[in-house]
Structure formats: structure tokens, C-alpha cells
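Contents: one structure, followed by commentary.
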There are 2 protein chains.
Amino acid sequence: MEKKDGKRRDKALSRDQVISAAIAILNESGESGLTFRTLAQRLATGPGAIYNHVQNKQDLLAAAADVMIQSALSVNRDELAPGAAIRAVALDVFDIIDAHPWVGMELSRAPWQPAMLLIFDRIGANLQALGVPDMAQFHAASTVTNFILGAAAQQAAAIRLHADGAQRATLLSAAARAAIHQDKKSSPFLQRMAGNLTEHDDREQFSAGVDLILRGIRG
Amino acid sequence: MEKKDGKRRDKALSRDQVISAAIAILNESGESGLTFRTLAQRLATGPGAIYNHVQNKQDLLAAAADVMIQSALSVNRDELAPGAAIRAVALDVFDIIDAHPWVGMELSRAPWQPAMLLIFDRIGANLQALGVPDMAQFHAASTVTNFILGAAAQQAAAIRLHADGAQRATLLSAAARAAIHQDKKSSPFLQRMAGNLTEHDDREQFSAGVDLILRGIRG
DNA sequence: ACCTGAACACCGTTCAAGT
DNA sequence: ACCTGAACACCGTTCAAGT
């Protein structure tokens with residue numbers, strides 16, 4: 001016995017087991033903690049064995065992210081009004097990325113990922129009831145999804161930095177200052193927003209963004 | 001003499017030279033082509049020398065992306081109406097990522113990157129003239145920026161896949177089919193949009209997204 | 001002060017050999 | 001059919017030794 005539920009010398013070892021173990025490592029140690037060697041160790045096997053259940057690391061990460069998004073979106077939102085349902089889906093994704101940043105990084109790494117298509121579907125499913133014309137539904141769903149992906153990547157990267165020690169406010173003001181000084185012609189808007197940049201709440205900002213897009217969708 | 005402008009055995013070698021050489025490699029061979037070894041070879045020096053002008057690879061990539069975005073946004077758009085100016089900024093970013101996918105991947109890797117703050121500033125600079133209240137300008141600018149980042153990452157990842165051989169339509173329909181089959185409860189919206197997914201024009205979709213958000217901003 | 005390049009501590013992936 | 005783990009072909013980064 002080593003530590004966790006590892007030490008499986010007997011048979012078995014399925015794709016689901018590999019993915020579950022990968023998720024456990026990712027949630028504990030983040031993206032940098034997952035290698036084929038650490039994963040093999042947790043599964044009590046050699047690194048090569050993993051390739052019998054997974055094509056490569058990209059495939060593994062995509063499958064892991066899909067599991068996370070599926071579970072985040074498994075709550076039934078049918079009783080909500082369509083606008084509220086879209087907001088709920090978006091915030092569910094935000095919250096799981098806030099808790100597990102690696103999901104956010106992975107979402108924007110590969111296109112047409114199952115996890116991303118699932119988000120796209122859950123958003124789109126509420127557009128008909130919102131009265132959006134058939135032809136406009138595709139653009140509306142993709143706009144919301146792209147916004148979610150962009151915010152997710154930013155949030156994930158910010159959390160990773162934050163976990164690496166430095167204080168959030170310090171980082172932000174340093175970044176803002178650097179950008180302002182670098183731009184010789186000056187960047188008046190950035191300067192005017194410096195305060196908001198260091199003090200705003202990420203989740204509130206995200207929620208406001210969803211609302212703003214919803215207003216555009218409603219026309 | 002080797003190949004390009006390399007073979008500098010004399011002194012010099014500045015931060016700008018390092019970044020320029022990195023950009024040249026990235027534009028020619030993509031992200032996977034840039035290593036400290038290939039970069040050192042082009043600069044006719046050892047890998048260690050690079051660390052005298054750059055903190056690490058993240059710093060190098062962020063600086064390279066910043067140069068690209070600065071040049072993409074250097075066109076003067078002052079004569080445009082504010083809405084058109086925002087659209088122009090967004091499309092300028094889209095076009096440079098379409099031409100150089102590595103920029104798109106880099107933008108969503110690090111938060112509060114100079115390149116990202118520059119986009120944020122250029123978008124925000126047009127909001128006052130658009131009649132957006134002071135307090136709403138921060139949310140509006142960050143919403144557009146996050147949308148751009150999400151679309152940029154998707155576009156960059158899609159192009160990288162496309163360059164790797166497979167046909168776009170094949171990839172997309174395979175992805176859609178996989179996602180549909182995986183979801184036992186079915187995903188009706190995704191199924192209904194399968195045609196659009198495989199046939200839409202990325203740039204047009206992006207442009208429509210910007211317009212939709214602008215409508216939401218105008219209220 | 002800056003360059004040089006060998007060395008360190010890793011990676012993902014492959015593949016012969018086992019069971 | 002699946003596991004095992006050594007080996008391959010790389011990485012980013014460090015650092016003694018040079019100039």
C-alpha cells in the first residue's frame with residue numbers, strides 16, 4: 001500500500017479509471033502535476049500502459065475536461081426562464097473553472113472539444129424559448145460560448161499565477177503600470193480603469209458580461 | 001554564413017533582436033518550432049545567452065505577442081465612428097491571429113498580458129464616444145475583450161489542426177457526431193446546428209459576435 | 001557584463017519483451 | 001490483449017568556465 005487507492009497489481013484498468021486518476025491528480029496538483037509517470041505511479045503500472053486506453057496527452061486532457069463540464073452542467077435548469085438558464089449555465093462553467101483552473105486552460109487549447117460543444121449546446125437550447133430567430137441562434141450561441149471560453153482562460157491563468165505566491169493586487173497594478181508606460185502615446189482608457197482593474201470582482205464582472213450579451217441577443 | 005541573417009559572432013545581441021528572431025521562427029514554424037536551441041542557432045550563440053535578455057520562455061512569448069498586437073493595432077482608426085472603430089480593432093486582432101495562430105494561443109495563456117491590455121484599451125477608448133456611462137465602460141470593454149480572446153483561441157487551435165493535415169469539414173462533423181452520440185439524453189440544438197457548424201465562415205461568425213455585443217452595449 | 005555549451009532534471013512517446 | 005519499464009528524442013533552465 002502506498003498512499004491513496006493505488007497499488008492495483010491485478011487486472012482491469014479501463015479508460016474510465018485512467019481518466020478518473022488523471023482528474024484526481026489535476027485537481028490536487030494542477031496541470032504541471034500530471035505526467036504519464038505520476039499517472040502511471042498512481043495506477044501502479046508503467047507509463048506505456050496508459051497508451052492502451054488513451055491516444056495521447058491531448059486526448060486524455062480533453063476527456064478529463066469533458067467529465068468536469070458534464071458534471072458541472074448536470075444540474076437540471078428546466079424550470080428556469082431561458083435568460084436565467086443561460087446565465088446559470090455560464091456561471092456553472094465559471095465556478096468549476098474557478099475551483100479547478102486546469103479545466104479553463106484545457107477548454108481553449110483544443111477546438112471543437114466535446115466539453116466546448118456541450119456548453120454550446122446548453123446555451124443554444126435556451127435560445128428558441130428566448131424568441132431568437134432560427135438563423136440568429138447559431139451566432140448567438142457561439143458568441144456566448146466564445147465569451148465564456150475567453151473569460152475562462154483569463155480566470156484560469158489568473159488563479160494559477162495567484163497560487164504561485166504573489167498578491168493579486170500587486171500583479172495587476174504592476175501589469176497595468178507596465179502597459180501604460182510602454183505605450184508612449186499613452187493609453188487613457190486603461191489609466192482611467194486602473195482602479196477597477198485592481199479592485200473588481202471577477203465573478204461579478206463575468207456575470208455582467210453575460211447579461212450584456214443577453215441584452216444584445218434580445219435585440 | 002549559414003542560412004538567414006544569422007552568424008553574428010561579433011558583439012551586440014539585444015532584447016529586441018532576441019524577440020525579433022523568436023517572432024520570425026514562430027511565424028515560419030509555429031509554436032512547436034520555437035525552442036531555446038533553435039532560437040540560439042538562429043542567433044548564432046548558445047541557449048544560455050538568451051537568458052541574458054529574457055526572463056524565461058513565458059516572458060519571451062508574451063513580448064513577441066505584444067509586438068504582433070501592437071503592429072496589428074497601429075493603423076489609425078480615429079476617423080471611424082466609435083462602433084465601427086471597435087469592430088475594426090476586433091477584426092484586426094482576428095486577422096493577425098488567422099495569419100499567425102501562435103499569437104492567439106499565447107493571448108489566452110497568460111493573464112494581464114501587455115498585448116491583452118492593449119486590446120482592452122483600444123476597445124475601451126471608443127466607449128465614451130458611444131455614450132456608455134462611466135461605470136458600465138469597464139464591463140463593456142472586458143466583455144468585448146473576453147469574447148475576442150475566446151474566439152482567438154478557438155480560431156488559433158482550429159488553424160493548427162487544419163495545418164496538421166485533416167480536412168476542416170471532416171474534423172468538424174466528426175466532432176459534432178462524437179458529441180451528439182456521447183450525450184445519451186441527446187443534444188437537440190447541436191444536432192440542429194450541425195450544418196452551420198461545418199459550413200459557416202469563421203470571420204463572418206466573429207464579426208456577427210462583435211455586432212451582437214455592440215447591440216447589447218448600446219442597450 | 002555578456003557569451004558559451006555541457007550538464008541537469010525533466011518531458012511525451014515508443015517498443016521489445018514479457019504475461 | 002494488455003502490461004512493463006527501459007530507451008529515445010527531445011525540452012527549459014542552470015552554471016562553471018571563458019572573453
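Below, all heavy atoms of this structure are taken into account, side chains as well, without hydrogens, waters or symmetry copies. Lettering of chains follows the sequences in order, A, B, ..., and the numbering in each one begins at 1.
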Check nucleotides 16-19 of chain D for protein N or O atoms closer than 3.5 Å to its own N or O atoms and list the pairs.
none

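Between the A:Lys57 side chain and the A:Thr35 main chain, no donor and acceptor come within less than 3.5 Å of each other. For A:Thr38 (side chain) and A:Gly33 (main-chain N/O), a donor-acceptor pair under 3.5 Å exists by modelled atom type. A donor-acceptor pair is defined here as one N or O able to donate and one able to accept, closer than 3.5 Å; such a pair exists between the side chain of A:Ser14 and the backbone of A:Gln17. Proximity of a side-chain donor or acceptor of B:Ser74 to a complementary backbone N or O of B:Ser71 within less than 3.5 Å is detected.
OP1 or OP2 of D:dC3 has at least one side-chain nitrogen or oxygen of A:Asn52 nearer than 4.0 Å. The shortest distance between the side-chain N/O atoms of B:Thr45 and the OP1/OP2 oxygens of C:dC3 is not below 4.0 Å. For B:His53 and C:dC3, the shortest distance from a side-chain N or O to OP1 or OP2 is below 4.0 Å.
Judged by distance alone, the side chains of A:Arg192 and B:Gln137 do bring a donor and an acceptor atom under 3.5 Å apart. A:Arg203 and A:Gln155 share no side-chain donor-acceptor pair at under 3.5 Å.
When all heavy atoms are compared, the tightest approach of A:Gly46 to A:Ala40 is C-CB, 3.6 Å.
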Expected string for nucleotides 9-14 of chain D under the B/S/- scheme (protein heavy atoms, under 4.0 Å, primed atoms plus P, OP1, OP2 as sugar-phosphate) is --BBBB

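A salt bridge links A:Arg77 with A:Asp92: the distance from a Lys NZ or Arg NE/NH1/NH2 to an Asp or Glu carboxylate oxygen falls below 4.0 Å. A salt bridge links B:Asp59 to B:Arg15: one of the charged nitrogens lies within less than 4.0 Å of a carboxylate oxygen.
Rounded to a whole Å, the CG atom of A:Leu43 is 15 Å from the C1' atom of D:dG5. Atom CG of B:Leu39 and atom P of C:dT4 are 13 Å apart (whole Å).
Sorted by first and then second residue, the ring pair (Phe, Tyr, Trp, His ring centres under 6.0 Å) pairs involving residues 37-58 of chain B (not counting sequence neighbours) are B:Phe36-B:Tyr51.
Judged as a ring pair (Phe, Tyr, Trp, His ring centres under 6.0 Å), and not counting sequence neighbours, the contacts of A:Phe147 are A:Phe206.
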Run A:Gln70 and A:Asp66 through side-chain hydrogen bond (donor to acceptor under 3.5 Å, both in side chains) and show every step you take. CA-CA 6 Å; A:Gln70 277 195 48; A:Asp66 191 36; 3.2 Å; yes

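Of the residues in residues 102-113 of chain A, none lies under 4.0 Å from DNA chain D by heavy-atom distance.
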Symbol by symbol from the 5' end, with Watson-Crick or G-U pairs under 3.5 Å, [ ] crossing and | another strand, DNA chain C is ||.|||||...|||||.||

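The only member of A:Thr198, A:Asp202, A:Asn196 that meets side chain to side chain donor-acceptor pair (under 3.5 Å) when paired with A:His200 is A:Asp202.
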